[in-house]
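The block underneath contains the structure these notes are about, expressed in structure tokens.
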Protein chains: 2
Amino acid sequence: MTVYKAPLRDYRFVLEEVLAVEQLAKLPGFADATPEIFAAVLEEGSRLCEEVLFPLNRSGDEEGCTYENGTVRTPKGFKEAYDAFCAGGWTSLACDPAYGGQGLPYTLNFCMEEMISAANMSFGMYPGLSHGAYRALMMHGSDEQKSRYLQHLVDGSWAGTMCLTEPQCGTDLGLIRSKAEPRGDGKYKISGTKIFISAGEHDLTENILHLVLARLPDAPSGTRGISLFLVPKFLVAADGSLGARNGVRCGSIEHKMGIKASSTCVMNFDEAEATLVGKPHSGMRAMFTMMNSARLGVALQGLGLGEVAYQSARAYALERLQGRALKGSAAPDKAADPIIVHPDVRRMLLTMKAHNEASRALACWVGLQIDIAERHPDPAERDSAEDLVALMTPILKSYLTDGGSEAANFGVQIMGGHGYIRENGMEQLVRDARITQIYEGTNGIQALDLVGRKMPVHMGRLMRRFFHPVDHFVAKHKAIAELQEFVVPLAKAFGKLQQATLLVAQRGLADPDEAGAAASDYLKLFALTALAYMWALMAKASLPKTAGDDAGFYLGKLATARFFMTRILPQTSSLLTIISAGAKPVMALDAEGF
Amino acid sequence: MTVYKAPLRDYRFVLEEVLAVEQLAKLPGFADATPEIFAAVLEEGSRLCEEVLFPLNRSGDEEGCTYENGTVRTPKGFKEAYDAFCAGGWTSLACDPAYGGQGLPYTLNFCMEEMISAANMSFGMYPGLSHGAYRALMMHGSDEQKSRYLQHLVDGSWAGTMCLTEPQCGTDLGLIRSKAEPRGDGKYKISGTKIFISAGEHDLTENILHLVLARLPDAPSGTRGISLFLVPKFLVAADGSLGARNGVRCGSIEHKMGIKASSTCVMNFDEAEATLVGKPHSGMRAMFTMMNSARLGVALQGLGLGEVAYQSARAYALERLQGRALKGSAAPDKAADPIIVHPDVRRMLLTMKAHNEASRALACWVGLQIDIAERHPDPAERDSAEDLVALMTPILKSYLTDGGSEAANFGVQIMGGHGYIRENGMEQLVRDARITQIYEGTNGIQALDLVGRKMPVHMGRLMRRFFHPVDHFVAKHKAIAELQEFVVPLAKAFGKLQQATLLVAQRGLADPDEAGAAASDYLKLFALTALAYMWALMAKASLPKTAGDDAGFYLGKLATARFFMTRILPQTSSLLTIISAGAKPVMALDAEGF
């Protein structure tokens, strides 16, 4: 009973009418990245998502991955779908043409990642992880590593992984125990056990490139002693041909709450042959390259799940007949009215819609900054864009995944008992979405990243990359009568965000627990303000177009913007009060008192 | 990795030190229901829950129920556990001694229901449904029905069900199509299909008594034409012996997100022999007897799941070593600090603790009112207690189940990736908890019940049953210096609740959509105020006892009360603002615009 059509109209609105995506085509190497090409690629991609990936989502969940003797089988149809995915060039979209990539913007990749996750999140994990490995090697690998490996990641014939977590260490990578010993020939032997390795083993590709964090013998303790290594499943000769099986095996796969068609592996490294990626002891930097890219990918998973949950709940609410509208029947010819007449059902649907559409705009805005950060000829523009990406990454990861889970849960709620039945597909979205709030750094860790790392940089320089455009927008539009219903609430929320920022920064300097205790609520306040900014931008873009808006597209945007401003954004008041309450009520109770 | 110990100390605190449970022993027939008996029964019950039911929870989820040819098998160990449950007299606790019951207070049953649900919610469904059938027959059955059936429900040898839902009707029971035809001998033939019937078929008991809503031939349309029938699985002779199999069969069981060890059945009635319960066309009233009892039971399921999630997350947070406290190491001799040092982990744990403990107090307070409503010699006291139960039922059902789901999700979040792995048990709590927000009336329906049914009764008479004691408490304690940190926030929240009540009542009169659009947020505002009242009562009871509080029990209560008042209760501000925004933003968008 889940349904999914890629939101192509909404991408055009966000990209062309709100965010001026045509600016990308002016960047070096992006001459082809016109809005027309964007639209054409997304339409082509939407067909793959709707027709190939989406139909495998339910069956993939029921069947799951299976493990036998070190090998992992993905569910029926996944291999064929993956081959079609590669053949369509979808692994190579934003990759460097020097290695066979299509060199298209990241912004486009963002949209595709949302669609793939909406259609089949488990499937999307495999190419998603490979792309993270591509980026890490692209940025930190040697020329030899690049020329030997990258083309295979780009064409999808090989896959990649990130091997970070160990049984005793998840969040705290300083506790890593996996060892790397130099062999004396420039290569290394890796030994240790990694857990929770997504796509660690599967049957989709000829080879798998594991990017592994481990310690060299002379490594200092903690995170400063971690190095990154490349460990191929099958050794690769200089001519690219596959050689012997390397000393890495999948010991088992986890039985999980969701994403059952994505293999989550225990990987045992037993003197596996490895090459160093980057410099010794600088693995954390390379890891953060993968991690930041992965965090944005996870944010888009959250958004994708939110979208498919919304569309499915909407379809159900328009069809399911139950009860009558409170003011009298809306469909007197039928046995009952469709449940979309009920205010509480509308409240849930509008919350999902308001969240999804503004989140999409925010994600695309950040996607644009990635392209600007990589390509813009002006270094100041590049820096500014890079700052904004760094600032918004934890916010997107945390808020879009919380929103995805909330939307999936609303979807179940709207379907009632039918939402709880597995074959109807909605409860799978809840189970799949649940991991997005955890992996690649829990949402609590994202909040700490925001207040502890991003906020203090250069006395708030990153913060100003967001504050300045909002300030500018408010100043420029606050006197325009027809925009006031959007700009005034935005300005109020923004004021609260500025107050909270000052408060958290000041108190946090004196006592880091103050920043820690405020972090999650502060991130939420920030995210709500950012979504309000997006809704104000979207309302501004929609207002002049309501005349002759036969499809009701722009009127729908305005109604949703009003809902957001009046029924969601007021949460910011309570968040500021709660942040102001400080750390004492959180820290007072002794550990034994819990 | 889940752990559970029944919160016996907390029951004593709530019952003896906060709610004066000794008053029960003064009610007619309750001479034995002393605090000592309460404590002894709960301790005995806790052993069953911890040692028999809890160990079957994880295996029950993995194995689930199985269906073959009309029969349903519960998971391994369930039959033996059920036999022990009956042998211990746990099916008969609050039942009438005239039918073999122990005649103990409902308050006690409430505590047991929480413990059973915490230990094994799926298991608890079977006796829970039977008890609902017991109550319906007790209140609406004929003397003959009572004498023929009740003793078997009381001793647990037979079970009961509630057969309401049909494929085309869940919330809207007016759409029921199942038919009842008089046979001419005082009995009826029932035909139709019921879905989502919990415990509809299983292997725990010799017989199953189905309470079935159906229409007589002359029935008016809608809910006024529904009658309640009793349909035994095996026909029962006057001497109580079992006869032929009746025309009711389980067609299949559902594959669900959770509560997998509880059978959820499609039940096909094919001219099944039935007797009428109560009068023709008055089935809705009898149904509400079962439903209200079931709603309170579901509230206690939510609380139980919240408690086991809290205890399990606490155990993990005290053990798991990861990272260092922000202010420097708390356990420098270890590789890392236990994660309970982190403010954001404490925030989640304290939210769970603050919610669970106040919810337990609120549930016990309402449980007491049920006993008073049934037993008090003064009719005015009975009426007042009955009003309070009616008012608080939707609030408990909705808020305690939302809280249970939130707690289970926090539990997963605190365990990180390990929380997502099935064998660790925490994700099962999320899946099990999810149904509590849906069945026996979705939480949206509870909110509508509150604003649409309970609020208008006798110009707010039900509301005053809650408002008056709070008003009285605030007036009496607001000048006491050491209580002000609790009473002042309570008074503020109460003021907002009064404002919102006036607003919703006034606007709702003019436009029912206004009440509908406010309902869920209003219920939340009400629930938060009720929990604040409980925390103020608990703080008052704790304050004089902090000297010599070696176990830190009372200091823990005060710290948790402070956390609630400063970090949770402020949500009430935003809720009032959102309620005040009215229905327009919710209703403006056309159905086609979604």
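Every chain is numbered from 1 and lettered A, B, ... according to where its sequence line falls, protein lines coming before strand lines.
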Original post:
Do A:Glu357 and A:Thr560 have side-chain N/O donor and acceptor atoms under 3.5 Å apart?
Top reply: no
Original post:
Is a side-chain donor-acceptor pair under 3.5 Å present for B:Gln437 with B:Thr442?
Top reply: no
Original post:
Checking B:Phe553 against chain A: side chain, backbone, both or neither under 4.5 Å from a heavy atom?
Top reply: neither
Original post:
Checking heavy atoms, do the side chain of A:His418, its backbone, both or neither come under 4.5 Å from chain B?
Top reply: both
**OP:** Answer with yes or no whether the side chains of B:Arg58 and B:Gln428 bring together a donor and an acceptor at under 3.5 Å.
**Re:** yes
Original post:
Would A:Ser520 and A:Asn443 count as having a side-chain donor-acceptor pair, cut-off 3.5 Å?
Top reply: no
**OP:** Let me know if A:Val341 has heavy atoms under 4.5 Å from chain B in its side chain, its backbone, both or neither.
**Re:** backbone
**OP:** Select one option (side chain, backbone, both, neither) describing which atoms of B:Ala519 are under 4.5 Å from chain A's heavy atoms.
**Re:** neither
Original post:
Just checking, is any N or O donor in the side chain of A:Arg320 or B:Gln168 under 3.5 Å from an acceptor N or O on the other one?
Top reply: no
**OP:** Check each atom of A:Asn409 against the heavy atoms of chain B and say whether the ones under 4.5 Å are side chain, backbone, both or neither.
**Re:** both
**OP:** Measure B:Lys327 against the heavy atoms of chain A and call it side chain, backbone, both or neither at under 4.5 Å.
**Re:** both
**OP:** Go through the atoms of A:Arg314 and report whether side chain, backbone, both or neither lie under 4.5 Å from a heavy atom of chain B.
**Re:** side chain
Subject >> Atom group of B:Phe196 that falls short of 4.5 Å from chain A, counting heavy atoms >> reply: side chain
**OP:** Answer with side chain, backbone, both or neither: which region of A:Ile259 has an atom nearer than 4.5 Å to a non-hydrogen atom of chain B?
**Re:** both
Subject >> Interface moiety of B:Leu318 toward chain A, non-hydrogen atoms closer than 4.5 Å >> reply: side chain
**OP:** Tell me, for B:Lys557 versus chain A, whether the close heavy atoms (under 4.5 Å) come from the side chain, the backbone, both or neither.
**Re:** neither
**OP:** Name the region of B:Arg434, side chain, backbone, both or neither, that has any atom closer than 4.5 Å to a heavy atom of chain A.
**Re:** both
